[in-house]
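I have placed the structure first, in the form of structure tokens, so that the comments after it can refer back to it.
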Amino acid sequence: MNVFVEFERRIRDAVSAAQTTGDLPENLDLSKISTEPPREESHGDIATNAAMILAKPAKKSPREIAEKLAALLEKSKDVLEVNVAGPGFINIKLADQFWLNVIREVLSAGRSFGSNSLGQGEKINVEYVSVNPTGPLHVGHCRGAIFGDALANLLEFAGYGVVREYYFNDAGSQIDALARSIHWRLREALGENLGEMPDGLYPGEYLKPLAESLARDNGADLAAKTENEWLPVLRSAGVGAMMELIKDDLALLGIHHDVFFSELSLHGGKDSEIKRTIDVLNQKGLIYEGVLPPPKGQLSEDWEAREQTLFKATEFGDDIDRPLMKSNGDYTYFAADVAYFKNKFDRGFDQMIYVLGADHSGYVKRLEAIGKAISGGKAQAVVRICQLVKLFRGGVPVKMSKRAGNFITMRDVVEEVGSDSVRFMMLYRKNDAPLDFDFVKVTEQSRDNPVFYVQYAHARICSVLRKASESFGEAQLADEFLRAAALDLLSDEAERLLMRKIATFPRVIESAARAHEPHRLAFFLYEVASAFHSLWNKGKELPHLRFIDEEKGDITMARLALIRATAHVIASGLTILGVEASEEMR
RNA sequence: GGUCCCGUAGCUCAGUCGGAUAGAGCACAAGAUUCCUAAUCUUGGGGUCGCAGGUUCGAAUCCUGCCGGGAUCACCA
């Protein structure tokens with residue numbers, strides 16, 4: 001149960017009770033009423049602003065309404081006391097039993113505690129990574145990949161039907177460049193001395209294994225053919241090999257997509273999806289032939305006016321109408337984007353989330369415009385931008401140059417600092433704030449590094465439970481036994497703090513999912529870990545608070561129930577973030 | 001120039017749908033370990049929430065303008 005949702009319901013009930021007695025008028029807007037944990041603990045367990053929100057429409061003073069509602073709320077058995085404070089806050093103090101039940105609930109729900117049906121099965125497509133298959137992933141791709149993955153997990157936990165999707169551009173001129181690069185490497189592998197690789201090709205070493213394997217098979221034949229003949233062969237061989245490379249890189253971070261969608265599949269033939277999509281837009285009167293105005297600001301030299309097939313993106317909030325055809329008759333990349341959205345829409349998604357890097361922030365409006373135009377408002381394109389990551393090593397910026405070939409790959413990073421650290425670090429920041437990533441700090445196993453702090457809390461709990469099973473036997477420590485423990489023996493403030501923190505997990509999941517912000521979960525886990533570490537150390541100073549007391553089985557079981565529940569929540573949260581909940585630290 | 005994002009403690013950052021005395025970590029200072037993992041904990045100082053208006057019972061949060069930092073702009077993908 002989400003405690004806060006429960007009380008929102010009770011407050012609504014109280015309001016309608018006050019309406020039937022005439023203390024409050026009918027037709028009140030209750031949507032702005034919130035229930036939340038008060039900042040000050042002494043204020044109680046739950047606070048609501050209901051009286052202040054209703055004061056104006058009811059034409060009564062907030063305190064008067066608060067007193068009325070407080071009296072109604074106080075009638076429940078599990079409510080200890082209700083106070084009115086400040087400008088009209090209603091502070092509710094709950095009976096202990098209420099919190100103890102949350103612990104029991106965690107122990108029976110286990111990993112599913114905190115999941116909810118916010119999404120009600122709504123189908124969401126989360127598209128992330130979507131890097132062109134021209135080479136391995138580099139460090140700049142990490143953040144979006146991790147963010148998208150965690151967001152997908154989070155939404156799934158919140159009851160959405162999530163599909164993880166990767167859109168790869170296997171149609172454009174970059175793929176021609178890839179094919180030519182492979183051809184160049186192929187001739188090199190066959191023994192030709194070619195000198196330095198020309199500009200415009202991909203100079204990385206990673207194409208060599210592919211070229212060498214091609215050389216062993218039918219390389220000589222291939223090299224002897226004309227470009228028209230080998231280009232399509234090497235394009236598809238290259239895309240296939242690069243996608244495998246990329247999937248391997250993603251697997252290092254535990255990222256696996258459900259669907260890999262080919263851009264090329266939208267182009268094929270006279271009856272292509274792109275053409276059909278443009279026809280649909282045409283029927284809606286959203287296509288015209290026209291000339292775009294020159295870009296404002298700095299005028300580029302090679303700009304010239306030309307007539308193009310344009311989509312009326314401005315009707316849907318974009319800054320400018322967008323071209324669908326190049327002057328040579330090819331479709332633009334944007335045209336494929338439109339068809340791709342339609343494809344997703346036809347597959348029945350209600351929300352299409354695009355996780356993009358900051359360098360694509362200019363795409364937001366046009367993607368939203370596509371969403372409105374294609375779906376007629378039935379589905380939504382939602383763009384989440386990840387800001388750039390700056391790399392440091394011990395405070396010194398790490399320089400990268402693609403030209404010199406010394407750019408850092410995702411594989412480099414993961415192999416150096418580990419998947420857990422990279423993932424947590426990338427998620428321990430709001431996605432739309434820039435992020436400094438320091439290799440030294442991230443490798444340090446210190447309090448500077450939150451992932452270890454959280455994992456350590458989990459490992460400590462596992463350690464206590466291992467220890468306890470020596471004295472009490474493993475069978476006694478199963479969740480169903482712990483659930484029956486005398487939890488009302490838990491009376492210390494630090495214990496109560498921990499259980500109240502755990503009880504907010506469902507609320508955190510809900511708000512993080514609603515806002516598409518997995519970082520909230522990362523911060524929450526840090527707070528849970530902190531509450532636990534605090535309790536642990538209190539037991540060091542005050543022996544009667546230690547988790548295991550072999551003389552007192554009752555209190556021991558109660559405490560083990562509390563920390564087992566804590567471990568469930570940490571593990572569950574870490575799993576959503578894609579971080580391992582280690583059982584011991586080494 | 002247009003658009004988008006950011007500006008909160010010395011540093012790095014949280015801050016929920018507008019809510020009560022704005023919070024963490026680092027750094028700094030002082031302490032805690034015969035005992036379940038010290039990768040931990042406790043205590044302390046530290047703030048013009050970029051600036052100026054506006055909206056209202058109430059603004060770090062919403063609106064407008066300005067200042068500063070970043071990203072982006074046109075047949076590329």
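Note on naming: letters A, B, ... go to the chains in the order of the sequence lines (proteins, then strands), and numbering restarts at 1 for each one.
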#### Entry: Ring-face cation contact, F523(A) with R520(A), 6.0 Å cut, 45° max
no

Ignoring backbone atoms, test whether [X] places a side-chain nitrogen or oxygen under 4.0 Å from the OP1 or OP2 oxygen of [N].
X	N	answer
Y453(A)	rC41(B)	yes
K538(A)	rU42(B)	no
K326(A)	rA77(B)	yes
R366(A)	rC73(B)	no
S534(A)	rU42(B)	yes
K365(A)	rU72(B)	no
R429(A)	rC13(B)	yes

[X] side-chain proximity, nearest of [options]:
X	options	result
V464(A)	rA14(B), rC36(B), rA77(B)	rC36(B)
N169(A)	rC41(B), rA77(B), rC17(B)	rA77(B)
R546(A)	rU37(B), rA24(B), rC36(B)	rC36(B)
H360(A)	rA77(B), rU42(B), rG15(B)	rA77(B)
R322(A)	rA38(B), rC76(B), rA74(B)	rA74(B)

Which part of the nucleic acid does [X] contact within heavy-atom distance under 4.0 Å: base, sugar-phosphate only, or nothing?
X	answer
A85(A)	base
N91(A)	base
L535(A)	nothing
P87(A)	base
A47(A)	base
Q455(A)	nothing

### Message
Between R507(A) and E510(A), does the salt bridge (Lys or Arg N to Asp or Glu O under 4.0 Å) criterion hold? Intermediate values first, please.
### Response
CA-CA 5 Å; R507(A) 178 185 164 83; E510(A) 196 182 312; over 6 Å; no

For [X] and [Y], take the angle between the two ring planes, folded into 0 to 90°, and tell me which bin it lands in: parallel under 30, tilted 30 to 60, perpendicular over 60.
X	Y	result
F261(A)	Y340(A)	tilted
F437(A)	F439(A)	perpendicular
F157(A)	F505(A)	tilted
Y526(A)	Y453(A)	parallel

### Query
Between N132(A) and S511(A), who's closer to the 5' end of RNA chain B by nearest nucleotide?
S511(A)

### Message
Between the base of rC76(B) and the side chain of Y363(A), is there a donor and acceptor pair under 3.5 angstrom?
### Response
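Indeed, a donor on one side and an acceptor on the other fall under 3.5 Å apart.
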
### Message
Using only modelled atom types and a 3.5 angstrom limit, is any donor from either the side chain of R514(A) or the base of rU16(B) paired with an acceptor on the other?
### Response
no

### Task
Consider only side-chain N and O atoms of Q455(A) and D420(A), and report whether a donor and an acceptor are under 3.5 Å apart.
yes

### Query
When you look for runs of 3 or more Watson-Crick or G-U pairs in a row, both distances below 3.5 Å, which of them include RNA chain B?
B:1-7 with B:67-73, B:10-13 with B:23-26, B:28-32 with B:40-44, B:50-54 with B:62-66

